Asker: 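Here's a structure for you.
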Amino acid sequence: MAQIIPEPVKRSISRLREDIHSMLDRWRRRRKDGTTDGQQLSSMAFGPPVDFEDKDDEVVVVAEIPGFDENDVQIEVMDNRLILRGQKNLENEERGSNYYRLERGVTEFTRVIPLPPGIDADSARAKFKNGLLRIVLPKAEDAKAKRIEVRAT
C-alpha cells in the first residue's frame, strides 16, 4: 500500500504532538503543585526565556536560567531541534527555639527550540555564567550563507 503522508510531514506532526504533550504536562504539574518556595523559578513554567540569533555561519542561543547552575541543565540536539532541560532540587530549612521546618520541592523545565537545517551538532559549545546559558551551534559548510556578487552589465 502506498504512503499517503510524506515522511517529513509525519516527523513534523510527531514533533508538534511531543511539544503539545510537554506543554500540557507542565501545565498540569503546575496546577497540581500550586505555589512553593520556588516561586522565583515559577516564571519558567513553559521554559526559560530565550534569545535566538541565526548568523551566516552559526546559530547562537542565549537562555536566562536564574537559580540554576551548569550541573542542573542538559542540552541535546536532535532532529533539527535544540532541547534544553533543567531540574533544580529546592530545600528550605528553618529552625527555631521550639520548631523545625523543612520543605523540599523540585523545579524543572523543558524547552524545545527548532533549528535551521545544516547544524553541526558535534562542534556545538555551551557556556554557563551568572544564570545565562550561551549555546553556539556552528553551521555545516554546505548550510552557510553564500554571498553572490551583483555586477553591472
Side-chain angles (χ1 to χ4, degrees), residues 1-33 35-91 104-153:
M1 179 175 218
Q3 285 187 342
I4 297 174
I5 301 173
E7 195 61 34
V9 174
K10 284 182 182 180
R11 282 194 300 264
S12 295
I13 291 171
S14 176
R15 274 185 277 182
L16 177 63
R17 184 177 59 240
E18 289 173 17
D19 293 344
I20 289 171
H21 283 272
S22 176
M23 181 184 68
L24 289 173
D25 288 343
R26 287 190 308 266
W27 178 77
R28 280 189 213 117
R29 206 175 309 121
R30 188 180 71 189
R31 296 223 355 142
K32 183 181 91 173
D33 294 343
T35 58
T36 66
D37 279 343
Q39 280 188 325
Q40 73 275 12
L41 302 174
S42 67
S43 65
M44 292 196 304
F46 295 104
V50 170
D51 291 330
F52 182 92
E53 187 176 1
D54 189 354
K55 298 181 179 181
D56 288 341
D57 57 347
E58 64 187 10
V59 171
V60 179
V61 177
V62 178
E64 298 177 30
I65 313 175
F68 284 74
D69 60 36
E70 64 273 1
N71 298 324
D72 301 328
V73 179
Q74 295 177 347
I75 305 167
E76 295 177 42
V77 176
M78 181 174 62
D79 296 331
N80 290 333
R81 294 181 300 161
L82 176 67
I83 303 167
L84 303 177
R85 288 189 179 96
Q87 182 174 341
K88 178 83 172 172
N89 295 319
L90 304 170
E91 189 171 297
R104 292 188 178 136
V106 175
T107 297
E108 56 186 0
F109 68 86
T110 300
R111 180 81 190 256
V112 180
I113 303 161
L115 296 172
I119 295 295
D120 182 8
D122 294 330
S123 299
R125 55 193 187 279
K127 291 183 181 179
F128 191 90
K129 184 176 181 183
N130 297 330
L132 286 178
L133 175 64
R134 179 182 167 84
I135 305 163
V136 178
L137 302 148
K139 292 183 179 178
E141 284 301 318
D142 58 339
K144 291 181 182 178
K146 312 263 187 308
R147 299 218 184 253
I148 301 172
E149 184 179 328
V150 178
R151 297 184 215 171
T153 54

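Bear in mind that the values here come from a model prediction, so they are computed numbers and not experimental data.
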Asker: Where is the tightest heavy-atom contact between Phe68 and Lys88, given as atom of each residue plus distance?
Answerer: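 Answer, listing the atom of Phe68 first, then Lys88: CE2-CB, 3.5 Å.
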Asker: Calculate, to the nearest 0.5 Å, the distance between atoms CD1 and CZ belonging to Ile65 and Phe128 respectively.
Answerer: 5.5 Å
Asker: Going through the checks in order, is the side-chain contact (heavy atoms from CB on, under 4.5 Å) test met by Arg104 and Asn89?
Answerer: CA-CA 7 Å; Arg104 292 188 178 136; Asn89 295 319; over 6 Å; no
Asker: Give, for atom OG1 of Thr110 and atom CE of Met23, the distance between the pair rounded to the nearest 0.5 Å.
Answerer: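 Here the rounded value is 13.5 Å.
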Asker: What closest approach, in Å, do Val136 and Glu58 show between heavy atoms, and which atom pair accounts for it?
Answerer: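 Looking at all heavy atoms of both residues, the shortest contact is CG1-OE1, 3.2 Å.
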Asker: Of all the heavy-atom pairs spanning Pro48 and Ala63, show the shortest one and how long it is.
Answerer: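 Result for this residue pair: CG-CB, 4.4 Å.
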Asker: Would you please name every residue forming a salt bridge (charged side-chain N to carboxylate O under 4.0 Å, His left out) with Arg134, sequence neighbours left out?
Answerer: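 If we apply the salt bridge (charged side-chain N to carboxylate O under 4.0 Å, His left out) test to Arg134, skipping adjacent residues, there are no hits.
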Asker: Any heavy-atom pair between the side chains of Ile75 and Leu133 that's under 4.5 Å?
Answerer: yes
Asker: Hey, does the side chain of Arg111 reach the backbone of Leu84 with a donor-acceptor pair shorter than 3.5 angstrom?
Answerer: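 Not confirmed, Arg111 side chain does not pair with Leu84 backbone.
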Asker: Which heavy atom of Ala124 sits nearest a heavy atom of Leu137, and at what distance?
Answerer: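 In this case the closest contact between Ala124 and Leu137 is CB-CD2, 3.5 Å.
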Asker: Do Lys139 and Ile119 touch side chain to side chain, with heavy atoms closer than 4.5 Å?
Answerer: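 Touching, per the 4.5 Å side-chain cut-off.
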Asker: Are the side chain of Asp79 and the backbone of Arg81 linked by a donor-acceptor contact shorter than 3.5 Å?
Answerer: no
Asker: What's the spacing between Asp72 CG and Arg85 CZ if we round to 0.5 Å?
Answerer: 15.0 Å
Asker: Is a side-chain donor or acceptor of Ser12 paired with a backbone partner of Pro8 at a separation under 3.5 angstrom?
Answerer: yes
Asker: Roughly how far, to the nearest 0.5 Å, is the CG atom of Asp51 from the CD atom of Glu64?
Answerer: 6.5 Å
Asker: How far apart are the closest heavy atoms of Ile113 and Phe52, and which atoms are they?
Answerer: CG2-CD1, 3.9 Å
Asker: Using only atom types and a distance under 3.5 Å, with no angle test, would you say the side chain of Asp19 pairs donor to acceptor with the backbone of Leu16?
Answerer: no
Asker: Checking Arg15 side chain against Pro114 main chain: does a donor-acceptor pair fall under 3.5 Å?
Answerer: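 Such a contact is absent between Arg15 side chain and Pro114 backbone.
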Asker: How close do Pro116 and Asn80 get, heavy atom to heavy atom, and via which atoms?
Answerer: O-OD1, 4.0 Å
